[in-house]
Amino acid sequence: MRNLNTRKLAVIGCGFVGSASAFALMQSGLFSEMVLIDANHARAEGEALDISHGLPFAKPMKIYAGDYPDLADASLIVITAGAGQKPGETRLNLVKKNISIFRSIIPSITQYNRDAILLIVANPVDILTYAAAKLSGFPENRVFGTGTVLDTARLKYLLGEHLQVDSRAVHAFILGEHGDSEIVAWSSANVSGLPLHNFCEMRGYFDHDAAMEALAAGVKNSAYEIIEKKSATYYGIAMSVRRVCEAIVRDEKSILPVSSVQHGSYGIDGVALSLPAVVGKDGVETIVPIALSEEEIAALRASAQTLKDFLAEQDL
Ligand code: NAD
């Protein structure tokens with residue numbers, strides 16, 4: 001492997017999500033160099049300047065608008081470029097536009113760098129993760145998407161509010177597609193080791209079925225609600241990008257529900273979707289086969305099939 005600068009990252013796409021992620025990453029102190037690339041170069045320049053003006057309150061770092069040759073020594077490349085959802089539009093509707101953007105971006109990256117980790121954020125993130133893996137030819141552990149890291153954060157937040165407990169004490173995963181067919185792994189959910197239902201009852205809640213249905217719908221609909229109200233979602237995903245980057249740069253071996261190409265877990269194969277995975281300096285190290293109920297496994301396989309049906313139409 002060539003010598004990469006482990007303190008250098010690139011963000012491709014500097015719209016709402018790319019700029020918010022760059023801002024969160026600047027504050028993280030994880031990197032000493034960040035290059036911003038956008039089809040609209042002036043936009044990347046504007047964001048680089050604006051974000052740089054916060055540096056006296058953060059840690060020293062070089063932030064600039066660049067182009068693909070600047071990627072040569074970057075260890076991490078975050079891709080947010082692509083159209084976002086319009087009000088009422090599903091993530092999967094974005095597929096044609098954004099795959100065609102990836103058909104131009106990925107070869108431009110591999111021309112200068114074949115050793116970095118590619119972190120996919122643009123939607124539909126599972127389809128684009130699969131596309132990026134195929135188009136780049138990189139080892140699959142180095143190409144993965146933020147997947148349901150954001151959905152899982154939304155679930156933890158909502159559960160924390162519902163149960164009046166710190167959301168960081170909530171342990172629960174959303175798995176499968178980052179989108180309408182995602183599933184909540186309720187059977188393994190717990191609050192600091194106490195099974196979720198027990199904690200709910202401790203707080204005086206006994207109608208578990210209704211609560212679980214409302215919470216799962218709340219997570220699934222939150223992007224639609226935010227887009228309806230303010231056109232785009234970007235702060236939650238920016239913090240999710242920061243969290244995944246932190247796990248990589250610090251080689252944390254954290255367990256995060258990132259999206260990666262699957263080869264047999266729960267009988268799922270040849271599609272990218274989110275399962276709990278150990279994430280460290282080499283990217284996705286291994287999938288963690290948490291216990292799921294039979295219904296959850298069936299729903300997870302159905303989610304995989306939804307994505308496979310979309311992939312089959314994409315000629316990848
Ligand atoms: P946006 O329209 O604000 O920004 C997209 C940016 O990409 C624009 O600045 C545009 O100029 C740039 N771009 C387009 N084609 C390009 C190319 N070929 N090369 C370089 N740059 C290019 O959109 P947004 O709100 O920032 O959303 C970006 C993507 O992130 C969307 O696909 C959205 O659905 C997705 N998203 C993902 C998550 C997640 O959880 N994974 C969450 C929110 C949004």
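Whatever order the structure lists them in is the order used to number ligands and atoms, beginning at 1.
In terms of polar-atom proximity, A232 is not counted as a contact of ligand 1, lacking any N or O under 3.5 Å from an N or O of the ligand. Residue V17 has at least one nitrogen or oxygen atom sitting less than 3.5 Å from a nitrogen or oxygen atom of ligand 1, judged on distance alone. On a distance-only criterion, A122 and ligand 1 share no N/O pair closer than 3.5 Å. Residue N123 places at least one N or O, backbone or side chain, under 3.5 Å from an N or O of ligand 1. The shortest N or O to N or O distance between T233 and ligand 1 is not under 3.5 Å.
How far NZ of K253 is from CD1 of I248: 12.0 Å, rounded to the nearest 0.5 Å.
The part of A83 lying near ligand 1 is the backbone, judged by heavy-atom distances below 4.0 Å. Under 4.0 Å from ligand 1, the heavy atoms of L150 that appear belong solely to its side chain. Residue L94 touches ligand 1 through its side chain alone, judged by heavy-atom distances below 4.0 Å. Neither the backbone nor the side chain of I37 has any atom closer than 4.0 Å to an atom of ligand 1 (non-hydrogen atoms only).
Under the 3.5 Å distance criterion, the side-chain polar atoms of T152 are left unmatched by any main-chain donor or acceptor of V149.
Donor-acceptor pairing under 3.5 Å is recorded for the side chains of S187 and E296.
Ligand 1 lies within reach of V121, whose nearest heavy atom is under 4.0 Å from it.
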